[in-house]
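The structure appears right after this line, and notes come after that.
The basis for the numbers below is simple: all heavy atoms, side chains too, and nothing from hydrogens, waters or symmetry mates.
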Amino acid sequence: ELNYGANNVDADPIRWADHSIREAQRQQIKLEGDLRHAVSEKALVLFYQPVIDLISGEMAGAEALLRWPLPDGQAPIGPDKFIPLAEQLGLMDELGGQGFEDACLQLRRWQELPGNAAFWVSVNVAPTQLRNPSLADRFIAITQATGVAPACIKLEITENALDVDLSEINTVIDELVAAGFSLALDDFGTGYSSLGRLINMPFTLFKVDKAFVWQIPDGRGAGVVASLSHLSHQLKFDALGEGVETAAQEAYLRDLNYRYAQGYYYAKPMSAADFTAWAGWPID
């Protein structure tokens, strides 16, 4: 006979487990509320990481990366956590639109500096955004209002975003390309889409995932990096190696005719002001 009285030592673990579950639920509810508030108050900000042209050795552009600053020295919540949550809560259209507009405004300021007319910025586009039939119209309106040419914006789409019925997103993608935006395939090599799907999409840039770049020049990932270079050349796409941390990795990518590189070897993601100072550009 089971005894659920106060003297039963087996009861404590059950109560502790229940307490842990409730605490996790409370934390999740708080996180959801905090994110809703942060989006409504436009509290998330963009950081920028430089992209280096391996032919010229100069900086060609930057990737805009959303960050969620928290008060009182709290540990930051990474985009790998708050982006999926924003999608789950139906906030991604609003959040993505804010980030896109902020990136365009910043790009315009940078392009107005001497010699920077061709500078570009890449912006991540979430899968839920691609399913919004008005996305292209919104992005076009923002570029017109900010005075930025769509050709100077690269829209980054993860490979896993294509693991859907492409009829859901093909029209939106065609409209974006027709407007002059270029498409970059992010995290290439880590998703589940077939090559047949990828080669029929209008990408102009492959971003080879850092998981492979970190293994060059001597690890097993080096073969993947070399193969993807050959593939991008055959498909007439530019290739970018992500996560570059050493001179040897940069040299390997350059030898394989990668066009671009990005990673901590050059700089970590920075606020717009820090990026401007790092680049040696005049600060307003």
Salt bridge between Glu250 and Arg254, side-chain N to carboxylate O under 4.0 Å?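 Salt bridge between Glu250 and Arg254, a charged N being under 4.0 Å from a carboxylate O: yes.
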Within this structure, what is the [atom1]-[atom2] distance for the pair [X] and [Y], rounded to the nearest 0.5 Å?
| X | Y | atom1 | atom2 | result |
| --- | --- | --- | --- | --- |
| Leu35 | Leu44 | CG | CG | 6.5 Å |
| Glu242 | Asp209 | CD | CG | 6.0 Å |
| Tyr252 | Ser229 | OH | OG | 9.0 Å |
| Leu155 | Leu130 | CG | CG | 8.5 Å |
| Asn124 | Ile83 | CG | CD1 | 8.0 Å |
| Leu85 | Arg36 | CG | CZ | 8.5 Å |

In sequence, state the C-alpha distance, the side-chain angles, and the governing distance for Trp120 and Tyr260, and then conclude on ring-ring contact (aromatic ring centres under 6.0 Å, His included). CA-CA 13 Å; Trp120 51 263; Tyr260 301 111; 5.6 Å; yes
With the 4.5 Å side-chain cut-off for hydrophobic clustering, are [X] and [Y] part of the same group?
| X | Y | result |
| --- | --- | --- |
| Tyr258 | Ile52 | yes |
| Leu89 | Ile77 | yes |
| Leu231 | Phe212 | yes |
| Leu70 | Phe47 | no |
| Leu105 | Leu113 | no |

Minimum-distance pair of heavy atoms, taken over all atoms of [X] and [Y]:
| X | Y | result |
| --- | --- | --- |
| Ile140 | Thr143 | O-OG1, 2.7 Å |
| Glu175 | Pro133 | OE1-O, 3.9 Å |
| Ala126 | Met92 | CB-CG, 3.5 Å |
| Leu176 | Ala136 | CD2-CA, 3.7 Å |
| Pro202 | Ile173 | CG-CG2, 3.8 Å |
| Ser40 | Glu94 | CA-OE2, 4.3 Å |

Verify side-chain hydrogen bond (donor to acceptor under 3.5 Å, both in side chains) between Arg109 and Gln106, making sure each step is shown before the conclusion. CA-CA 5 Å; Arg109 288 191 283 269; Gln106 185 59 60; 3.1 Å; yes
Let me see the working for Asp53 and Ser56 under side-chain contact (heavy atoms from CB on, under 4.5 Å), right down to the final yes or no. CA-CA 6 Å; Asp53 186 324; Ser56 67; 3.5 Å; yes
pair [X]-[Y]: side-chain heavy atoms closer than 4.5 Å:
| X | Y | answer |
| --- | --- | --- |
| Leu240 | Arg259 | no |
| Arg131 | Thr128 | yes |
| Leu66 | Pro79 | no |
| Asn132 | Gln129 | no |
| Leu135 | Phe139 | yes |
| Val177 | Leu183 | yes |
| Ile157 | Asp186 | no |
| Trp214 | Glu245 | yes |

Per the side-chain hydrogen bond (donor to acceptor under 3.5 Å, both in side chains) rule, which among Glu156, Glu63, Lys154, Lys207 passes with Ser122?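 In the set Glu156, Glu63, Lys154, Lys207, the residue that makes a side-chain hydrogen bond (donor to acceptor under 3.5 Å, both in side chains) with Ser122 is Glu156.
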Between Asp102 and Lys42, does the side-chain contact (heavy atoms from CB on, under 4.5 Å) criterion hold? Intermediate values first, please. CA-CA 10 Å; Asp102 289 347; Lys42 299 184 178 180; over 6 Å; no
Main-chain N/O of [Y] paired to [X] side chain as donor or acceptor, under 3.5 Å:
| X | Y | answer |
| --- | --- | --- |
| Tyr264 | Thr246 | no |
| Arg138 | Asp93 | yes |
| Ser271 | Asp274 | yes |
| Gln98 | Val39 | yes |

Can you name the residues that form a ring pair (Phe, Tyr, Trp, His ring centres under 6.0 Å) with Trp110, not counting sequence neighbours?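 Listed in chain order: Tyr48, Phe119, Phe275, Trp281.
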Output all residues satisfying ring pair (Phe, Tyr, Trp, His ring centres under 6.0 Å) with Phe237, sequence neighbours left out; order by chain, then residue number.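 Residues passing ring pair (Phe, Tyr, Trp, His ring centres under 6.0 Å) with Phe237: Phe206.
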Taking it one step at a time, do Leu65 and Leu46 satisfy side-chain contact (heavy atoms from CB on, under 4.5 Å)? CA-CA 5 Å; Leu65 298 157; Leu46 288 178; 6.0 Å; no
Hey, what's the ring geometry for Phe82 with Trp68, parallel, tilted or perpendicular (30° and 60° as the breaks)?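 Because their plane-to-plane angle is over 60°, the rings of Phe82 and Trp68 count as perpendicular.
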Hey, could you give me each pair passing salt bridge (charged side-chain N to carboxylate O under 4.0 Å, His left out) that has a residue in residues 212-236? Not counting sequence neighbours.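 Of all non-adjacent pairs touching residues 212-236, none passes salt bridge (charged side-chain N to carboxylate O under 4.0 Å, His left out).
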Would you please test Phe203 and Leu205 for side-chain contact (heavy atoms from CB on, under 4.5 Å) and show each step? CA-CA 6 Å; Phe203 292 106; Leu205 175 67; over 6 Å; no
